[in-house]
Amino acid sequence: MAHTYIEEISQYQGEEVTIKGWLYHKTEKGKLRFLMVRDGTGLVQAVVFQKNVKPEVFEAADRVTQESSLIIKGKVRADERAPGGYELDVSELTIFQLAENYPITPKEHGVAFLMDNRHLWLRSSRQTAILRVRSEIIHACRDFLAERRFTLVDTPIFTPAACEGTTTLFETQYFDQKAYLTQSGQLYSEATCMAFGKVYCFGPTFRAEKSKTRRHLMEFWMVEPEIAWAELDDVMALAEELVSYVVQRVLDRKKEELKRLERDTTLLEKIHPPFPRITYHEAFRILQEAGSETPIGSDFGGTDETVIAEKFDLPVMVHRYPVEVKAFYVQPDPQDLSLALCVDVLAPEGYGEIIGGSQRVHDYHLLLQRLESHHLPREAFEWYLDLRKYGTVPHSGFGMGIERVVAWICGLEHVRETIPFPRMLYRIYP
RNA sequence: UCCUCAGUAGCUCAAUGGCAGAGCAUCCGGCUGUUAACCGGAGGGUUGUAGGUUCGAGUCCUACCUGAGGAGCCA
């Protein structure tokens with residue numbers, strides 16, 4: 001049976017339409033029943049007057065419960081009293097399935113309860129708004145890279161060995177050998193960019209870190225561009241353009257969702273290149289002035305990142321960290337070999353690191369040396385060393401964590417709401 | 001792994017060491033414009049688990065379990 005989606009309902013004013021959806025909320029007033037119906041595309045109020053309908057229709061409207069699935073036929077009418085401006089004068093109502101005792105009521109709930117009911121919580125207008133923004137962000141990343149002639153080249157999820165050490169890898173069985181879930185597609189993208197020039201991978205990544213903070217998930221999604229012949233400055237420029245494009249795209253296409261989330265968009269509207277660039281040492285000076293006790297030469301903690309980011313309205317690019325705190329594959333700065341050609345992009349408003357990138361070591365002997373000093377098994381990296389033996393070139397790339405970007409753009413307290421089914425420390429259900 | 005806090009009705013919470021309660025949800029009744037409606041009524045409890053102190057424990061003590069927030073580490 002043909003039916004109409006709620007988002008298109010304004011085109012059918014005065015006409016009879018059929019809506020298929022779920023009951024979001026119901027209020028009763030004497031011989032009147034107001035049914036708020038959602039169908040995934042929108043919300044519309046359906047009004048049932050006892051006098052105007054057959055007794056069985058009014059009985060169904062009286063009996064229908066929150067989240068019951070239903071089919072409604074009625075005439076579309078503009079009405080100022082209706083949320084959204086249009087409502088449905090119901091003539092027929094079929095309850096497809098009567099939902100009994102839906103656990104999530106229109107009142108407040110605790111986080112633990114909502115997470116236990118994540119499969120149902122997803123139906124709420126706030127959650128669908130967040131996940132629509134997520135969808136837009138992902139499409140924006142793909143469009144941005146496609147427009148710049150990047151080729152999507154997927155990288156494996158099962159990997160034979162560590163990318164950057166084994167302590168934070170999820171180990172799994174691969175028939176009769178051990179395998180690990182990927183932490184990053186980067187090393188493989190370094191191979192594919194030598195074939196395609198400009199590539200990106202976009203997939204889930206897994207980190208077995210026992211992190212329990214608002215910024216961490218065990219399973220999260222990253223978009224990772226990698227470019228042959230690119231140096232650090234090139235990927236810094238790409239990073240600020242990508243972030244700006246994504247933010248503006250969401251502002252342009254997901255206004256309603258941001259409004260639903262009560263996001264103050266004035267700060268987001270300012271997100272355009274160029275972003276401020278500061279060195280690790282400049283960032284460190286900011287921390288010292290703020291009284292941080294982080295020792296020089298070490299990586300920044302979450303609160304440090306917030307202190308630095310608060311100095312700027314735009315995302316800030318912190319580059320050239322000490323070589324020791326960065327991964328084995330990061331190219332040292334020829335101007336000062338103690339510094340790494342790397343960049344972290346810190347989002348404003350305390351959302352922390354959304355991008356980590358670097359120029360990669362392209363010299364065979366240097367890479368070999370770095371593998372050894374990081375105590376990594378050479379056998380596992382023979383293929384990776386080959387890339388430096390057969391036509392090596394300078395190359396750079398970065399990874400952007402989708403969930404942190406979603407949390408920032410939506411203005412959320414916690415990344416757990418940015419992904420349909422978050423995998424968190426001690427929580428894998430549902 | 002460490003630190004802090006919490007666990008009482010389906011949900012959110014209250015209860016000085018002295019009868020275990022409220023709001024919402026559910027069910028029944030009323031109301032022709034509700035927006036988390038409102039008004040009246042009803043049902044609903046092994047107070048996370050195990051032990052201990054006490055005349056008496058939801059409350060105090062110990063251990064454990066579960067959850068939340070944070071640290072370290074990271075995107």
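Every value quoted in this text rests on a predicted model; they were computed, and no experiment measured them. Proteins get letters first, then strands, A, B, ... in listed order; numbering begins at 1 in each.
Comparing the same atom, C1', in B:U46 and in B:A42 gives a spacing of 24 Å after rounding to whole Å. Nucleotides B:A9 and B:A25 place their C1' atoms 11 Å apart, quoted to the nearest Å. The separation of B:G44 from B:A20, taken at their C1' atoms, amounts to 13 Å, rounded to a whole angstrom. When the P atom is used for both B:U8 and B:G58, the distance is 14 Å, rounded to whole Å. B:G17 and B:G52 are spaced 16 Å apart, taking the C1' atom of each and rounding to whole Å. B:G18 and B:G30 are spaced 42 Å apart, taking the C1' atom of each and rounding to whole Å. Spacing between B:C5 and B:G48 at atom C1', rounded to whole Å, works out to 16 Å.
The CG atom of A:D62 sits 10 Å away from the P atom of B:G30 (whole-angstrom rounding). Per the geometry, CE belonging to A:M424 stands 6 Å off P belonging to B:A68, to the nearest Å.
When distances are taken from the side chain of A:R81 to each of B:U32, B:U35, B:C73, the shortest belongs to B:U35. In this structure, of B:C73, B:G33, B:C74, it is B:C73 that holds the atom nearest to the side chain of A:S211. Closest approach to the A:L425 side chain among B:C74, B:U1, B:U32 is made by B:U1 (side chain taken as heavy atoms from C-beta onward). Nearest to the side chain of A:F220, among B:A75, B:G67, B:G33, sits B:A75. Looking at the side chain of A:N101, the nearest of the listed nucleotides B:A71, B:U26, B:G33 is B:U26. Distances were taken from every side-chain heavy atom of A:L217 (C-beta onward) to each of B:G69, B:G67, B:A75; the shortest belongs to B:A75. Listed candidates were B:A75, B:C31, B:G70. Nearest to the side chain of A:M222 is B:A75.
The nearest heavy atom of RNA chain B to A:R214 and to A:D299 marks one nucleotide each, and the one closer to the 5' end goes with A:R214. Along RNA chain B, the nucleotide closest to A:R33 and the one closest to A:G399 are compared, and the more 5′ of them pairs with A:R33.
Summarising the geometry of A:F398 relative to A:P225, their closest heavy-atom pair is O-CD, 2.9 Å, with the distance given to 0.1 Å. Between A:R118 and A:R416, the shortest heavy-atom contact is NH2-O, 3.9 Å.
The side-chain tip of A:R142 points at the ring of A:F202 from less than 6.0 angstrom away and within 45° of straight on.
Taking a pair to require two hydrogen-bonding distances under 3.5 Å in either a Watson-Crick or a G-U wobble arrangement, B:G7 pairs with B:C65. As the counterpart of B:C2, B:G70 is assigned, both hydrogen-bonding distances of the Watson-Crick or G-U wobble pattern falling under 3.5 Å. In this structure B:U47 sits in no base pair that meets the Watson-Crick or G-U test at under 3.5 Å.
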Under-3.5 Å N/O pairs linking protein and nucleotides 9-12 of chain B:
unit_1, atom_1, unit_2, atom_2, d
B:C11, O2', A:E108, O, 3.2
B:C11, O2', A:H109, ND1, 2.5
B:U12, OP1, A:G110, N, 2.9
B:U12, O2', A:E108, OE2, 3.0

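Atoms CG and CZ, on A:L267 and A:R263 in that order, are 6.5 Å from each other to the nearest 0.5 Å.
Side-chain nitrogen and oxygen atoms of A:K210 include at least one within less than 4.0 Å of the OP1 or OP2 phosphate oxygen of B:U1.
Stacking of A:F34 onto the six-membered ring of B:G33 is not present when judged by under 5.5 angstrom between centres and under 30° between planes.
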